[in-house]
**Q** 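First, the structure itself, so that you have it in front of you.
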Amino acid sequence: MRWSETLIATLRDAPQDAEIASHKLMMRAGLLSKLGGGLYTFLPLGLKALRKVERIVREEMDRAGAQEVLMPALQPREIWEQSGRYSVLKDAMFKIHDRQERDLVLGPTHEEVITDLAARQISSYRQLPRTLYQIQAKFRDEIRPRFGLMRAKEFIMKDAYSFDTSWEAADKSYQAMYDAYVRIFKRCDLNVKVVEADTGAMGGNFSHEFMVLADSGEDGLVECESCAYAANLERADRRLPPQTEERTDQLPSPVATPNQKTIAEVAAFLKRPASQLVKTLIYVADGKPIAVLVPGDRDLNEHKLARALGGVTVQMADDRTIEQATGAPVGFAGPVGLKIPVYADAELKVPRVYVTGGNAADTHLLNVVLGRDAAVTAYHDVVTCREGDLCPKCGERMREKRGIEVGHVFKLGTKYSKAFDAGYLDAAGNRQIMVMGCYGIGVTRTLQAVVEQSHDANGIIWPASISPFQVSLVVPNVQHRESMVAAEALLKELEARGIEVLFDDRDERPGVKFKDADLIGLPVRAVVSERSLADGKVEIKLRTAADKMMVPVQDACQTLVDIVQKGTQS
RNA sequence: CGGGGUGUAGCGCAGCCUGGUAGCGCGCCAGCCUUGGGCGCUGGAAGUCGUGGGUUCAAAUCCCACCGCCCCGACCA
């Protein structure tokens, strides 16, 4: 394809609202155009790359035995009521209605639709297992769209759903998808870390996330330095370090802490490390207030708390509830004398002497020993892990990292199949419920993750498998007749061999063309110029290499074909 | 939703404080020149100064409201 005939406009400066490298580069290289917050048009170059990702996903889904369907983005509200998720997700959904005032939503995901479909289409164990998938736009009313395609209001997702006769069979389907994901991300040349994850609003029992490690990633995770354990911070557990008991004969004694509300303020005021303080958080769990205690230097993890309490919904109590529960203004809650259930982090189980809130204005308590001075209903690991915590599996140190979630696989179980009565008749003629799994890949996000992970100061470095074109053909001076003639011939030859070529035939200065070639980042660049032709050669350079090679004109096509084939295979 | 910022030509920005009919760089168009890392010169096109209202003889500039966009937060008492 000739550049002079395309709609590719590169930018010298990145738009000021682009923050991270991949977003800036995708804008500068002319892959995307912004329409509004979280809304982007894919320009021809960006779309070509996106289609490459989609193709890889399709090929691997098909290879894993999944079948493609296409479902409506527009969905009746009723099916969300039926699964019970309308109340959970309604703030995240775009809600609209038709002229008859019927309520509809723009689908943020498709569990409801697919389960309804399975219930209609599948009736016998002979039709199982089945895995169906779709690649299409999904819509989420994100609180804060950002980073270009990373968190957009409309994005393209591949979702697959498996239906099985039993949990054991479902495990197989899950594993097949897991393996397909490993292959997909490998083909995208992505360095992906698989971590254990929280199931969140999806529900279900078990899940893994596929994370592209990147400092700009929105998710935190920990990985063990020694064994294979890795988990999203929302879910990561830890092994407790050895602790020594600490006892005192002194009883809790109040100390005046005027206006010292936060842990940091109290610690500074009393000149004690935050770890000697206990933070008392008042929560509402299934409508009832509870207190949660964590070490002063740690953060409570609501996901872990909710799980520890048996999957209830938890949220911070409002100021009034806190005042009613503690009898004190916000900022001075403590466990001593509380009449509501008190849960504590497992680290607090070994008796030690702590400072806590005093349940009275401007007051904290010294010499508090949990168990002795305050009843604790139960101890659970409920804090967020951090760098240096010990691995729950092997006890070695864990590292904290950041990642971009590009894929997520869930064992859903029967949550949706029950809600939609997706059953089948087994061999004995008994009605059974299907066991489901669901498997998502953020296709547009994956594309950006590739750029985030593969670029340099000059621009994008596309992996051959995703690159919008395979070869960049540059004529530095289009006024030079022989260069153009030779380049045109090479272009024809390459395209006849099925190679996708972007021929930069613009009447631009050489510097502009080389800068643009680096920015757009096609894996191979061929230059035909007065200089190279003087020796009867074509210059060939890999985007990743510093050196150029000079190849005789008549060998140029074959050399490029070889390079492209080698690159695409790996 | 809370806090902060910002909105002036396709992109990046100045002008605003101190009101007087809008400017710079890049890009774009034309011509000349140049031709291996964002070249040089000349001439041009392009902006309802986010929107609405107000103050004023006069508003990009001051005031009010609204909207868009960006950042931080929205759990750590």
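Below, chains carry the letters A, B, ... as their sequence lines are ordered, and counting in each starts from 1. No hydrogens, no waters, no symmetry mates; every other heavy atom, side chains included, goes into these values.
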**Q** Quickly work out the A:Ile143 CD1 to B:C72 P distance and round it to whole Å.
**A** 14 Å
**Q** Give A:Asp516 one of three labels, base, sugar-phosphate or nothing, depending on what nucleic acid heavy atoms sit under 4.0 Å from its own.
**A** base
**Q** Any luck finding a side-chain donor-acceptor pair between A:Tyr283 and A:Glu302 under 3.5 Å?
**A** yes
**Q** Is there a donor in the side chain of A:Ser532 and an acceptor in the side chain of A:Glu539, or the other way round, less than 3.5 Å apart?
**A** no
**Q** What's A:Val527 touching, base or sugar-phosphate or nothing? Going by heavy atoms closer than 4.0 Å.
**A** base
**Q** Please tell me which of the listed nucleotides, B:C39, B:C72, B:C76, lies nearest to the side chain of A:Arg509?
**A** B:C39
**Q** From the options B:C72, B:G37, B:G38, select the nucleotide whose nearest atom is closest to the side chain of A:Arg28.
**A** B:G38
**Q** Looking only at the side chain of A:Arg144 (C-beta and beyond, no hydrogens), which of the listed nucleotides B:C28, B:A74, B:G38 gets closest?
**A** B:A74
**Q** Does one side chain, of A:His364 or A:Thr356, offer a donor that lies under 3.5 Å from an acceptor on the other?
**A** no
**Q** Could you tell me whether the side chains of A:Glu452 and A:His455 share a donor-acceptor contact shorter than 3.5 Å?
**A** no
**Q** So which protein N/O to nucleotides 5-11 of chain B N/O distances come out below 3.5 Å?
**A**
residue : atom : partner : partner atom : Å
B:C11   : O2'  : A:Asp13 : O            : 3.3

**Q** Any strand counts, and the cut-off is 3.5 Å on both contacts for Watson-Crick or G-U wobble. Which nucleotide pairs with B:C49?
**A** none
**Q** Just grab all the side chain to side chain donor-acceptor pair (under 3.5 Å) pairs involving residues 499-513 of chain A, residues at least two apart or on different chains.
**A** A:Ser4-A:Asp505, A:Lys52-A:Glu500, A:Gln479-A:Asp507, A:Asp504-A:Arg506, A:Arg506-A:Asp516
**Q** Apply side-chain contact (heavy atoms from CB on, under 4.5 Å) to residues A:Lys138 and A:Thr109 and explain how you reach the verdict.
**A** CA-CA 6 Å; A:Lys138 310 232 174 184; A:Thr109 176; 4.2 Å; yes
